[in-house]
Amino acid sequence: MSAKPNRRENISTQLENSIDTNSSAPTSSTVVKENASTQDEKSVDKNDSASNNVKSRQIVDQCCTLQRLFFLFLFKYKLVLTVDQDQTQLFINFTLPPNANILQKLDFIKQHPNQPSDMEVSWSSYRLYNRTNQNGSLVPRQWLSLFCMNNKVESLYCVICIAFSSIPNNFSSGCKNFKHIYAAVEAHKNSNVHNNAVEAYVKACNHNSIEFSINRDIMNLKNKQVYERIHVLRQVFDIIKLIGKQNLPYRGSCESEALYTLDMNHPSLNHGNFLKLLKFTANRDSILNEYLKLAIDQSKKRKTKLDSQRIIRTELADKQFSIQVDSTQDIGAEDQATLFIRYVINSEIKEQLFAVLKVTDSSGRGYFEILKKCFNDHGIDFKKIIGESFDEAANMCGDFNGLRAHIQKENPKSGYVWCYAHTLNLCICESCSNIAAINLFGLLNRLSTFFSESYKRMDIWKKKQEQYNTGQLKLKKLQKIGNTRWWSREKALQWIFGGDDNLYATVINALDYVVTCGTFDSKTSSEAISLRDKLCEFQIILTAHLFLNIFSIVSITSTYLQSSNLDLLSAWEMVEKTIKYISTINFEDIFKEAEQFSEKMNNSLEDLKLSENVIVECELPQPRIRSKKPMADELCRDEAPLNVKDKFLVEVFRCIIDRLQNDFTERFSHNKILIADMQYLLPKHFMDVKKGLPDTALQKLSELASIDHLKLVTELRNITTIYYDIVGPLNTKTKRIYSEVENDENYDNFLLEWNKFNIDLEKNVQSHNGHKRPYHTENSNKAANAKKIGMSIVKTPGFVKTGSSLSNKIIWYFKKNTDNLNNFSAFLVLSKKDLIQLLKSSSTKHPIKFNLKLEATYSHPNVENSAENRAFKTSAKEIFMDTDIDSIVEQAFVKLLVEEDVYTSKGSGFTLEAIDGLLLGVYKYTPMGGSSYIPLPNYIKNKKAVINPQNIDQNCFK
């Protein structure tokens, strides 16, 4: 009884049969070579030898013009590599163009194998080119191809792996292990990489690959679109020819000839013959009708955009409004200012872009003239401005020549409002103008650019992190500091000096390695020495801990000022408390923290193999002071603090703290009364209004809006009186409804049991009514956290169980991309075998449903912290005992790749950073059958209005 062939034997046999079948049909390049060889026989003797490519050029010259062009094409695209010294031989190419498609790969394989038998080698060519299967028959190795040069074998290639393997291996790059050549060829034939490439090749030959399916769908869609557009053009041309033949006018009246007017059925509108005939034909042609609707919608959008300024002018009328102005330089190096107008109409607040203005004069007077001209051109009263908002640059908010000053000269009642968060950042920036702060943050910025500007230095930084850090610290990069990134200073400082998990020791270690390894040039080593020694200075450490204390106070206020649900009064109180807390910062405490940090870092650096001169300073060094030469009439000299600690206290600590306090007080001292007046208009404070208002309340607001103060106060009191009567009954009704639902203990259980046959944990999975779900690739926070858990749990290849729910009715498996593949098709092909085996084993006991989620990470190139989670999902599919699981998995893979292709074609700017893995959800599927009984919950049962028969047989549908 013959032995049963194994899987590898079947794959090899299938490969060899496939290559034999495909090689029978010559490709275009093979035909070219054969034709060229036939013509060459007339003029070139086959036994003549050629020494180099010059001989091939001579052969070309003897051919006809057509063959000469063919040969030049072969030379250009490297189809002819060289000419052997012993014989004139056209060699086969062993490389594929980047991103080659299926057809190019198949055409490449048809050019092989190249197996010469007259080479001077130390092995048996017969044994190398053939193998013996289990039946004793001889099988040629069609996948093995040799690259020869000067009658010598240079390397061995596997043409299947070159074309279809996503993982580089020895035979795809050229094997040169001639000493153990038989063992190397046999080991490669039995490897998983080779067998996976063979499977991909066989599917490609049978047109069953994923790429063929996607290309076929895309081509079908493209052909459909081309057909529809040609059809629409033919209809339009027929209408034009009809109008011309009948000598009819094309256009109608000027006010109704636009395309967006076709939806207007007013009898007075004259659209003209062309639009009328187009509408008439579209009513009887579905394809033309769809394109006409799309064109009408686009025409409406253009109309709305053109009419926006006219609509704003109409809605404004004589109303008061406020403006927002900001400018930036565009790609054409021109300064463009955006003008937003904010107003109220029909109790609705509107904030709309009014104009984009070219700035030729960036002074306050220049901005004022540009705005005034814009408003005069559109007939808007400039004196109706009651508020303006822009940044605190000198040309915008200057008290004398700023834009704010010029607007308030025109309209003294207008109020200037700015962004509190931006103001807070400006205060921090001003405090960093001290020399010690400039040295500190300049050093942090130099550190970041030192490692990031060279991939070699960045590799050192990563290795040092992996060597001494764990968890998320391995992924940290040194933060660059920018004036517009408000959090950058705090983040850069916190990562190196803050907390127990700081990167100070890692930075010192990486810099010292750059200095001592001897592989970098003198400029780089000198910069590393400078950075390392600067970081070890106690003055840098002391200044860093001063700003760590400042940021710990300011960051909370800054975060709240940037929140969407900001309460102005609370924000104002937080600013005042921030000023108070800054004044309580104690210098002695900071000095002690810096000393403890230095001692701790010295202890940490002792365990590392660093240079002997790397020591972190624990005290301020005594500097040399240059003595000033006294003038002739001077009797005394300037007194400077002799103690370096006192010198730092006076020149650094006091200067920074005093500057912060002054800036906070000056910049946040405006609009106090206006902020207080606004609080009374919030509904949450209406109860305080009912108790009584101060005499001066709402005085500033009434002056600003030109409203009588007594009338404003009276209306507010009237509203607060009836407000709770209006909202009270609504709250009572909703509370009663909610309480009825909450009192029913079985309500949620009933819903779960009622829908147990339609469980689908993904919100976007396609429902049973046939509606298509939209593409939602963004991962929710819950899904992103689930992915992180799966990534941390899974350490081995294959699908690993990561969780379950509903008493193991739903089980989640995750396959991690342990091979770090960056090609979706390759990753899915490698996952297919394990997925099919898991689904088969899960469906042996009972029917199941499954769905897939392909997890990936995308990011913007050259943009820090831009990584975002993306997931491409499939709908739930049922699997029974007799289901063809292979085809269902293939369809699911095609669906995932189509979703990914749709996402990348949107042009979001995101590029693939990593394929994280494949999430599989498997859950028990019990089809609805006879004798199914679900008890009613008490909420419905107590109403005694529903009949729910409890049957005990299988005849409930008879």
Side-chain angles (χ1 to χ4, degrees), residues 298-299 301-313 315-316 321-343 350-385 387-411 414 416-419 421-423 425-426 429-430 445 449 453 480-488 562 859-866 906-911:
Q298 293 176 348
S299 178
K301 291 179 181 179
R302 291 192 296 269
K303 174 66 175 176
T304 302
K305 184 177 180 180
L306 293 174
D307 288 348
S308 60
Q309 290 183 340
R310 181 182 57 82
I311 295 173
I312 294 175
R313 290 199 307 267
E315 292 179 345
L316 275 179
F321 60 92
S322 61
I323 61 172
Q324 300 178 24
V325 182
D326 197 7
S327 65
T328 186
Q329 184 173 298
D330 61 11
I331 194 172
E334 291 186 355
D335 197 13
Q336 304 277 352
T338 55
L339 172 62
F340 284 83
I341 294 182
R342 184 181 176 93
Y343 58 96
K350 286 193 175 185
E351 182 176 319
Q352 300 188 43
L353 174 65
F354 185 75
V356 178
L357 307 172
K358 181 179 179 180
V359 179
T360 56
D361 183 2
S362 60
S363 65
R365 185 70 187 180
Y367 271 105
F368 175 75
E369 295 295 339
I370 293 172
L371 293 180
K372 192 168 184 180
K373 182 179 184 302
C374 176
F375 285 133
N376 291 337
D377 292 343
H378 291 88
I380 299 176
D381 189 359
F382 197 81
K383 294 185 177 180
K384 294 294 182 180
I385 299 176
E388 60 270 3
S389 176
F390 26 80
D391 59 40
E392 285 201 311
N395 62 335
M396 304 299 285
C397 70
D399 293 332
F400 302 102
N401 294 316
L403 175 60
R404 180 189 68 169
H406 290 291
I407 292 177
Q408 290 180 348
K409 288 178 183 178
E410 190 84 10
N411 188 1
S414 65
Y416 169 61
V417 182
W418 61 97
C419 175
H422 186 223
T423 302
N425 178 62
L426 290 177
C429 292
E430 292 294 333
N445 214 27
T449 55
E453 68 184 4
K480 293 182 180 180
I481 297 175
N483 291 328
T484 57
R485 293 192 293 266
W486 303 348
W487 43 265
S488 60
Q562 298 176 56
S859 63
H860 267 294
N862 302 322
V863 178
E864 297 179 358
N865 302 320
S866 63
K906 291 181 179 179
S908 62
F910 280 88
T911 58

Looking at every non-hydrogen atom in both residues, tell me the closest pair between Cys374 and Leu357 and how far apart they are.
SG-CD2, 4.1 Å
Nearest-0.5 Å distance that lies between atom CZ in Phe368 and atom NZ in Lys373
14.5 Å
With side chains defined as the heavy atoms from C-beta onward, is the minimum distance between Glu388 and Ser414 less than 4.5 Å?
yes
Side chain to side chain contact (heavy atoms under 4.5 Å, CB included) for Gln329 and Glu334? Distances and angles first, verdict last.
CA-CA 5 Å; Gln329 184 173 298; Glu334 291 186 355; over 6 Å; no
Step by step, would you call Leu316 with Ile341 a side chain to side chain contact (heavy atoms under 4.5 Å, CB included)?
CA-CA 10 Å; Leu316 275 179; Ile341 294 182; 4.3 Å; yes
Could you check whether any side-chain heavy atom of Leu403 comes within less than 4.5 Å of a side-chain heavy atom of Leu371, counting everything from C-beta outward?
yes
For residues Gln324 and Glu351, determine if any side-chain heavy atom of one lies less than 4.5 Å from a side-chain heavy atom of the other.
yes
Does the side chain of Glu315 reach to within under 4.5 Å of the side chain of Gln352, using non-hydrogen atoms?
yes
Heavy atoms, side chains only, cut-off 4.5 Å: are Ile407 and Tyr416 in contact?
no
Derivation of the side chain to side chain contact (heavy atoms under 4.5 Å, CB included) call for Ile312 and Tyr343:
CA-CA 9 Å; Ile312 294 175; Tyr343 58 96; 4.0 Å; yes
With sequence neighbours left out, the residues meeting ring pair (Phe, Tyr, Trp, His ring centres under 6.0 Å) with Phe340 are none
Ring pair (Phe, Tyr, Trp, His ring centres under 6.0 Å) involving Phe375 - partner list, sequence neighbours excluded:
Phe321, Phe382
Are Ser327 and Asp335 close enough that some pair of their side-chain heavy atoms sits under 4.5 Å apart?
yes
Got Leu353 and Leu339 here, is their nearest side-chain heavy-atom distance under 4.5 Å?
no
Answer yes or no: is there a side-chain heavy-atom contact under 4.5 Å between Arg313 and Ile380?
yes
Just how far is it from atom CD1 of Ile385 to atom CZ of Arg342, taken to the nearest 0.5 Å?
15.0 Å
Could you go through Glu410 and Lys383, starting from their C-alpha distance and side-chain angles, then the distance that decides it, and tell me whether this counts as salt bridge (charged side-chain N to carboxylate O under 4.0 Å, His left out)?
CA-CA 7 Å; Glu410 190 84 10; Lys383 294 185 177 180; 5.1 Å; no
Determine whether the aromatic ring centres of Tyr367 and His406 lie less than 6.0 Å apart.
no
Keeping Asn395 on the side-chain end and Ser362 on the backbone end, is there a donor-acceptor pair under 3.5 Å?
yes
If you look at every heavy atom in Ile370 and Val359, which pair is closest and at what distance?
CD1-CA, 3.9 Å
Worked verdict on Asp361 versus Arg365 for salt bridge (charged side-chain N to carboxylate O under 4.0 Å, His left out)
CA-CA 8 Å; Asp361 183 2; Arg365 185 70 187 180; over 6 Å; no
Which heavy atom of Met396 sits nearest to which heavy atom of Phe390, and what is that distance?
O-CE1, 3.0 Å
